Engineer: 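Pasting a structure below so you can have a look.
Here the structure is a predicted model, which means the values were calculated and not measured. Reckoned from all heavy atoms, side chains included, excluding hydrogens, waters and symmetry mates. Order of the sequence lines sets the chain letters (A, B, ...), proteins ahead of strands, with each chain counted from 1.
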2 protein chains.
Amino acid sequence: MATIKQVADAAHVSFKTVSRVINDDPNVSATTRARVIDAINTLGYRPNLIARNMRTRRSHLLGFVADEIATTPFAVNLIKGAQDAAWKRGFMLMIVSCDNDAARAEGAVETLLERKVEGVVYATMRHEVIVPPPHIDEAPSVFANCRAEDGSVASVTPNEERGGFEATETLIHRGRQRIALINLEPGATAAQARLAGYLRALTTHGLPIDERRIRNTDDGQPDDGFRRMDELLDLTPPPDAVFCANDRIAMGAYDAIKARGLRIPQDISVIGFDNQEVIAAYLRPALTTMALPHYEMGYWAVEHLLRALDNGAISPEQVMLPCPLVRRASI
Amino acid sequence: MATIKQVADAAHVSFKTVSRVINDDPNVSATTRARVIDAINTLGYRPNLIARNMRTRRSHLLGFVADEIATTPFAVNLIKGAQDAAWKRGFMLMIVSCDNDAARAEGAVETLLERKVEGVVYATMRHEVIVPPPHIDEAPSVFANCRAEDGSVASVTPNEERGGFEATETLIHRGRQRIALINLEPGATAAQARLAGYLRALTTHGLPIDERRIRNTDDGQPDDGFRRMDELLDLTPPPDAVFCANDRIAMGAYDAIKARGLRIPQDISVIGFDNQEVIAAYLRPALTTMALPHYEMGYWAVEHLLRALDNGAISPEQVMLPCPLVRRASI
DNA sequence: CTGTTAGCGCGTTCAT
DNA sequence: ATGAACGCGCTAACAG
């Protein structure tokens, strides 16, 4: 690999002049510049960013620590958003998944710090309240899709309550009156907020709250959705719409509805949550659902980090991003 | 951030001694070592890997370039496999997605090279034959889930033919005689091989090949699967099993089968391909399918890279990994 | 067992 | 407009 010095020799200038050319310093005559560029090309020279960063003490590197990266396809959008924001400013991401292993999380943060990342985003695959991994405070950091209990670290999370509200309101605007909710497993951070939004929508629109129409799942999976939907259909009168707190639940609900010979959306409207594409877009009829803003969260997290680097300080903002409605054919 | 020199001062030793302690050099007396470790801890010292790497000329960094990262959930397993293999050896991954943009791919490779990655894995989300991105040959590289037409670069891909063979054979062992195939869109690299495997299985087991039972899709999506399955069901006699060349096609086929009041697997067996979890595991009944070895490919790619670094040379092996059968309830 | 000197490839400071 | 000397934080090579 050619060095700056070899280029300098080839171009018969000092290596400092080469440095100037690389960094677009105007104080180089056109002819010298041309000669240097020529030498760069013939030698296939490539600046050594490691060396440069060591000197400038800026790595243009951001760490991205994910609690895990396997189960859901959400990671991908989070990363994509983060990367787009970083790439635009000439930053690169160093991504580590720690598979829900605290030791690995700590190790990841330490390694990233040793590699002189200028900031760290810590992302979880499920919306959660977390205790920050050790040492993460040694670099500017942002939590994506999760937040610290004490709000000490900047965070960006989905506005679940408003999502729940709008999902329910969409059903109400559709003219539905007996709207059921099949909620997530009670432990999930999002469960409470989505329920709260559901209740607020009913109240706001003067609809009665019927406890029998509200069900929890054990694990938020399709089998659960099937069973709960089946129970709801036994009610008299049965619901004319159902808000499934995630798309997998909706997937199971579809089967239960179809098994009774009912039609979606003519007999019953279904709305989901998460916009898990492979499910939502492919169900028959395609599922109307609330999208989780993963891409936007990743993007915001990195932008906030970059802003902090510009300003020399990071503000511990707690931002919530909307969950937009994705209209398909199920309501 | 404390430096090695500050630690040395605090411990009243030369900075070289600190260096020895950090690198587990045995030539340090126990008492000195203890004193140094003490200083390290009180100062919160963290070695600067940038500086170390500059000196040792080893970055312990691997580049991971993905053609895109958004549409399918496959990226995640590829990355996970790569990361696990890297982490085990103290390497980190620098991941870039270039969104099918050639310019971005070239830029990504250049940036990675400037950052002194010791090797690059280039991965595609769909099994493909590609022309290598420019400059990638400047570092040891491996293609994952794709290969160069001329075999000049090491590659690891799924054994699609054998997967197609085993999928079909599984159906045959189940006692099925009239096995249909709904294949991918004809342009897909995997389409030919999966078809070849299907044909070989029929031939091997002395079953006739009936052209009418072989259908292509336009885009490999559920709607397509629905239509093709519907056509197949019009045949006399209808197939008693169907090999869907991906799980999304199978998803559509399920709907077509159920719409006719037929039962899976009693009336007709369905086997898929890809093991796209959110679909395969959640369909009712759960879909038996062939898994794509994404994790394994990512793992192999990095291991091969690491082997090459150990050996000082990379061999352009063209490895194919098996697609294991995932038994569920649909056959 | 410990310390000294040199230098990795660059950018910064100052001189010319 | 160009160059020389210096140092970023660390390890290698050698000395003691």
Engineer: Given atom CZ of Arg52(A) and atom P of dG11(C), what is their separation to the nearest angstrom?
Structural biologist: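 Distance check: Arg52(A) CZ to dG11(C) P gives 5 Å.
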Engineer: With heavy atoms of chain A within less than 4.0 Å as the criterion, where does contact along DNA chain D begin and end?
Structural biologist: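 Contacts span dA1(D) to dG9(D), reading 5' to 3'.
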Engineer: Heavy atoms under 4.0 Å, any strand shown: does Asn48(A) hit a base, just sugar-phosphate, or nothing?
Structural biologist: sugar-phosphate
Engineer: Bend across the helix from dC1(C)-dG16(D) to dT16(C)-dA1(D), to 10°, with axes taken over 5 pairs at each end?
Structural biologist: 40°
Engineer: Hey, are the side chains of Leu62(B) and Val117(B) touching, using non-hydrogen atoms and a 4.5 Å cut-off?
Structural biologist: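 Heavy-atom side-chain distance check fails, nothing below 4.5 Å.
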Engineer: To the nearest angstrom, how far is His12(B) atom NE2 from dT2(C) atom P?
Structural biologist: 15 Å
Engineer: Can you pull every protein N or O that's under 3.5 Å from an N or O on nucleotides 4-7 of chain C?
Structural biologist:
| unit_1 | atom_1 | unit_2 | atom_2 | d |
| --- | --- | --- | --- | --- |
| dG7(C) | N2 | Arg55(B) | NE | 3.4 |
| dG7(C) | N2 | Arg55(B) | NH1 | 2.9 |
| dG7(C) | N3 | Arg55(B) | NH1 | 3.0 |

Engineer: Whole angstroms only, please: what is the CD1-C1' distance between Ile4(A) and dT12(C)?
Structural biologist: 13 Å
Engineer: Do Thr157(A) side-chain atoms and Cys146(A) backbone N/O form a donor-acceptor pair below 3.5 Å?
Structural biologist: no
Engineer: Please tell me if Asn53(A) has a side-chain N or O lying less than 4.0 Å from either OP1 or OP2 of dC10(C).
Structural biologist: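 It does not, given that no N or O in the side chain of Asn53(A) lies less than 4.0 Å from OP1 or OP2 of dC10(C).
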Engineer: Roughly, in whole Å, what's the span from CG in Leu43(A) to P in dG9(C)?
Structural biologist: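 Atom-to-atom, Leu43(A) to dG9(C), this comes out as 14 Å.
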Engineer: Can you give me the closest heavy-atom contact between Cys323(A) and Pro158(A), atom names plus distance?
Structural biologist: SG-CB, 3.8 Å
Engineer: Could you pick out which residue, Ala51(B) or Pro26(B), lies toward the 5' side of DNA chain C when each is mapped onto its nearest nucleotide?
Structural biologist: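 The residue closer to the strand's 5' end, by nearest nucleotide, is Pro26(B).
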Engineer: Go through it in stages, so that I can follow the logic: the residues are Phe74(B) and Asp274(B), the test is side chain to side chain contact (heavy atoms under 4.5 Å, CB included), and I'd like the CA-CA distance, side-chain angles, deciding distance and then a yes or no.
Structural biologist: CA-CA 9 Å; Phe74(B) 300 144; Asp274(B) 288 3; 4.0 Å; yes
Engineer: In chain order, what residues pass the salt bridge (charged side-chain N to carboxylate O under 4.0 Å, His left out) check against Glu138(A), with sequence neighbours excluded?
Structural biologist: Arg46(B)
Engineer: For Asp24(A) and dG11(C), give me the distance from atom CG to atom P, rounded to whole Å.
Structural biologist: 12 Å
Engineer: Taking all non-hydrogen atoms of both residues, which atom of Arg20(B) and which atom of Asn27(B) are closest, and how far apart?
Structural biologist: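 Looks like CD-O, 3.9 Å.
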Engineer: Grab the CZ-C1' distance between Arg115(B) and dG9(C) for me, whole Å please.
Structural biologist: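 It works out to 16 Å between those atoms.
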Engineer: Starting from C1' on dT12(C), measure out to CG on Asp25(A) and report it in whole angstrom.
Structural biologist: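 Atom CG in Asp25(A) sits about 12 Å away from atom C1' in dT12(C).
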Engineer: I'd like to check the salt bridge (charged side-chain N to carboxylate O under 4.0 Å, His left out) partners of Arg89(B); sequence neighbours left out, ordered by chain and number.
Structural biologist: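 Scan of Arg89(B) (salt bridge (charged side-chain N to carboxylate O under 4.0 Å, His left out), adjacent residues dropped) gives Asp310(B).
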Engineer: Looking only at side chains, do Ser155(A) and Gln318(A) share a donor and an acceptor under 3.5 Å apart?
Structural biologist: yes
Engineer: Can you name the residues that form a salt bridge (charged side-chain N to carboxylate O under 4.0 Å, His left out) with Arg104(B), not counting sequence neighbours?
Structural biologist: Asp84(A), Asp99(B)
Engineer: Without swapping roles, check the side chain of Thr124(A) against the backbone of His127(A) for a donor-acceptor pair under 3.5 Å.
Structural biologist: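 Judged by distance alone, no pair lies under 3.5 Å.
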Engineer: Run Glu114(A) and Asn48(B) through side chain to side chain contact (heavy atoms under 4.5 Å, CB included) and show every step you take.
Structural biologist: CA-CA 5 Å; Glu114(A) 291 174 356; Asn48(B) 181 332; over 6 Å; no
